[in-house]
There are 2 protein chains.
Amino acid sequence: MPRRSKPARETYHHGDLRNALVTAAVELVEGSSPEELTLREVSRRVGVNHRAAYRHFKDKTALLAAVAEDGYRALLDAMDQALAKAPRTNAEERLMALAVAYVSFAIDQPARYRIMFGRRLNEDGRFPTLEELVGRAYAVLAGELRAGQVSRQFHLTPVRELVFGFWSLTHGFASLAIVRRLKVKRSLLDAWTRTVFAPFVHGLAR
Amino acid sequence: MPRRSKPARETYHHGDLRNALVTAAVELVEGSSPEELTLREVSRRVGVNHRAAYRHFKDKTALLAAVAEDGYRALLDAMDQALAKAPRTNAEERLMALAVAYVSFAIDQPARYRIMFGRRLNEDGRFPTLEELVGRAYAVLAGELRAGQVSRQFHLTPVRELVFGFWSLTHGFASLAIVRRLKVKRSLLDAWTRTVFAPFVHGLAR
DNA sequence: ACCTGAACACCGTTCAAGT
DNA sequence: ACCTGAACACCGTTCAAGT
């Protein structure tokens, strides 16, 4: 009587092949590098013919976009958590907490971060969800900078320019640290991040 | 009697295949994207069997490193020229001139810039020349920041941290502008760069 | 609906050979 | 010394077919 309990799964596979592929891709990429992320290898890991992936992703770029989306969600979580722990009224300190969380995220998962920021994936506007997630990250930064202005802690430079500048600083820090293999010990990284950011963030104060 | 003047070139090719390959690679990459830079296509352009490239480059990474070296030389030129035109004593203004030159370089040749900064090419320390050129770019920034401290215009934060911060800002600005396809008109870019940088660079002043 | 096999046009890289 | 042809092990992608 056992035979029956074993469902068609063995042949028809996962309830959710799409998620299985994305998860495998994220794991694979962190174990090696973005260059080694191939549709065929990901499919192999999931135990499925590489053609099956095309049921869920139009092409390789679509898989990369899914990995990037997943990454943005994780980054947004990390940013939210950092802000929840930060003091409510000190605008500079809140930016610092954001910067530390952002840089940690990138340094701890460099390949994932490179997929998120290395190539323009949404060239043809095919991935609106990805775009929306980028917009949410932007909104978090904009919210903090705007709050600093409202509480009269920051200069009244237009927020759009401030966000671009602050994001440039964090993104630049993270990606330089990744490509040039920062020689700073992981245990000292957060403090070092603060030291580097301090004079620049201080420039926002009025 | 002409026949004789035609040398073995036709078969034995360029006096300098190496340079021909690098030049072709730079042109190719700017016409498309880093992903489309292949050893075979570059060789095709130069009119040579793809195997010939291996006489001059151990592997594809070595060709990319040569392209990156070429790029760093051009970037150093652009930075030097900007500094030559900048006022001699205003440290903030000199940093701004540097930032504008740096960003322009990246925006005008995005694929080239992405090869320089996208992947860690010198993983095994195989390209000392590349490393030396990066060191020279670093030295230019360090020199300006140090000068600003000596003339008592900048705070006395350790130079190492200042350089990393300023480079983060310029690199981040450039690469975000590239991946997110900045919607700013090219003719307004230099002014916009200054607006974005102003509050942050101002933070260095004492 | 979901998955597969076989095939195509590309890669980078290696080996043995040509001038 | 410098270049090539043929081959290998990989890609992403397409077509026609299987359950």
Side-chain angles (χ1 to χ4, degrees), chain A residues 3-4 6-22 24-25 28-29 31-68 111 115 118-121 123-124 126-127, chain B residues 6-22 24-25 28-29 31-68 111 115 118-121 123-124 126-127:
Chain A
R3 210 100 303 178
R4 210 121 107 301
K6 217 154 206 182
R9 281 285 153 71
E10 218 79 19
T11 54
Y12 262 79
H13 218 267
H14 311 248
D16 196 351
L17 177 57
R18 197 195 132 95
N19 269 324
L21 288 167
V22 174
L28 171 61
V29 90
S32 48
S33 77
E35 289 77 22
E36 284 156 61
L37 178 61
T38 70
L39 268 174
R40 291 171 107 112
E41 178 60 25
V42 171
S43 306
R44 243 175 260 132
R45 297 224 170 183
V46 175
V48 93
N49 185 286
H50 70 276
R51 264 292 332 177
Y54 283 86
R55 271 295 133 190
H56 302 279
F57 302 103
K58 206 218 146 200
D59 51 26
K60 188 182 175 180
T61 304
L63 174 61
L64 291 176
V67 171
I115 288 184
R119 239 185 73 196
R120 179 163 176 81
L121 296 169
E123 196 95 44
D124 332 312
R126 298 155 55 202
F127 312 112
Chain B
K6 216 152 203 181
R9 281 287 151 69
E10 219 80 19
T11 55
Y12 262 76
H13 218 266
H14 312 252
D16 195 352
L17 177 57
R18 198 197 132 94
N19 268 323
L21 287 167
V22 174
L28 171 60
V29 90
S32 49
S33 76
E35 289 77 22
E36 283 156 62
L37 178 61
T38 70
L39 268 175
R40 290 170 108 112
E41 178 60 26
V42 171
S43 306
R44 243 174 260 133
R45 296 224 170 182
V46 174
V48 91
N49 184 287
H50 71 277
R51 262 294 331 179
Y54 283 86
R55 270 297 133 190
H56 302 278
F57 301 102
K58 204 219 147 199
D59 51 26
K60 189 180 175 182
T61 303
L63 175 61
L64 291 176
V67 171
I115 288 183
R119 237 184 74 194
R120 177 161 179 80
L121 297 169
E123 195 97 44
D124 332 315
R126 295 194 284 148
F127 312 111

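Each chain gets a letter, A, B and so on, in the order the sequences are listed, and its residues count up from 1.
- Atom CG of Leu37(A) is separated from atom P of dC11(D) by 11 Å (rounded to the nearest Å).
- For the segment residues 52-62 of chain A, the set of residues with a heavy atom within less than 4.0 Å of an atom of DNA chain D comprises Tyr54(A), Asp59(A), Lys60(A), in numerical order.
- Note that NZ of Lys58(B) is 14.0 Å distant from CG of Leu63(B), once rounded to the nearest 0.5 Å.
- For the pair Leu21(A) CG and dC3(C) C1', the interatomic distance rounds to 12 Å; values are reported in whole Å.
- Contact of the Arg55(A) side chain with the Leu17(A) side chain is not registered, since no non-hydrogen atoms from C-beta on lie closer than 4.5 Å.
- Rounding to whole angstrom units, CD of residue Glu36(A) and C1' of dG12(C) are separated by 14 Å.
- Closest to the side chain of Asn49(B), out of dT4(D), dG5(C), dC3(D), is dT4(D).
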Nucleotide N/O to protein N/O under 3.5 Å, stretch nucleotides 7-9 of chain C:
none

Task: Intra- and inter-strand pairs of DNA chain D in dot-bracket (Watson-Crick or G-U wobble, both distances under 3.5 Å; | for another strand) - done: ||.|||||...|||||.||
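- Within the 3.5 Å criterion, the main-chain N or O of Arg126(B) finds no donor-acceptor partner in the side chain of Asp124(B).
- Taking all atoms of both residues into account, the shortest heavy-atom contact from Val46(A) to Ala24(A) is CG2-CB, 3.7 Å.
- Spacing between atom CG of Leu28(A) and atom P of dC11(D) amounts to 10 Å, rounded to whole angstrom units.
- Atom CZ of Arg120(B) and atom OG1 of Thr61(B) lie 12.5 Å apart (nearest 0.5 Å).
- Residues Ala111(B) and Ser33(B) come closest through the heavy atom pair CB-CA, 4.3 Å.
- Smallest separation of non-hydrogen atoms from Leu121(B) and Ala68(B): CD1-CB, 3.8 Å.
- At least one side-chain heavy atom of Val22(A) sits less than 4.5 Å from a side-chain heavy atom of Phe57(A).
- For Leu64(A) against Arg119(A), the heavy-atom pair with the smallest separation is CD1-NH1, 3.8 Å.
- Leu21(B) and Ser43(B) make their closest contact through CD2-CA, 4.2 Å (heavy atoms, listed as atom of the first residue, atom of the second, distance).
- For the pair Arg51(B) and Glu41(B), nearest-nucleotide mapping onto DNA chain C gives the more 5' position to Glu41(B).
- Smallest separation of non-hydrogen atoms from Glu36(B) and Leu28(B): O-CD2, 4.1 Å.
- Atom pair Leu39(A):CG and dT14(D):C1' shows a separation of 14 Å (rounding to whole Å applied).
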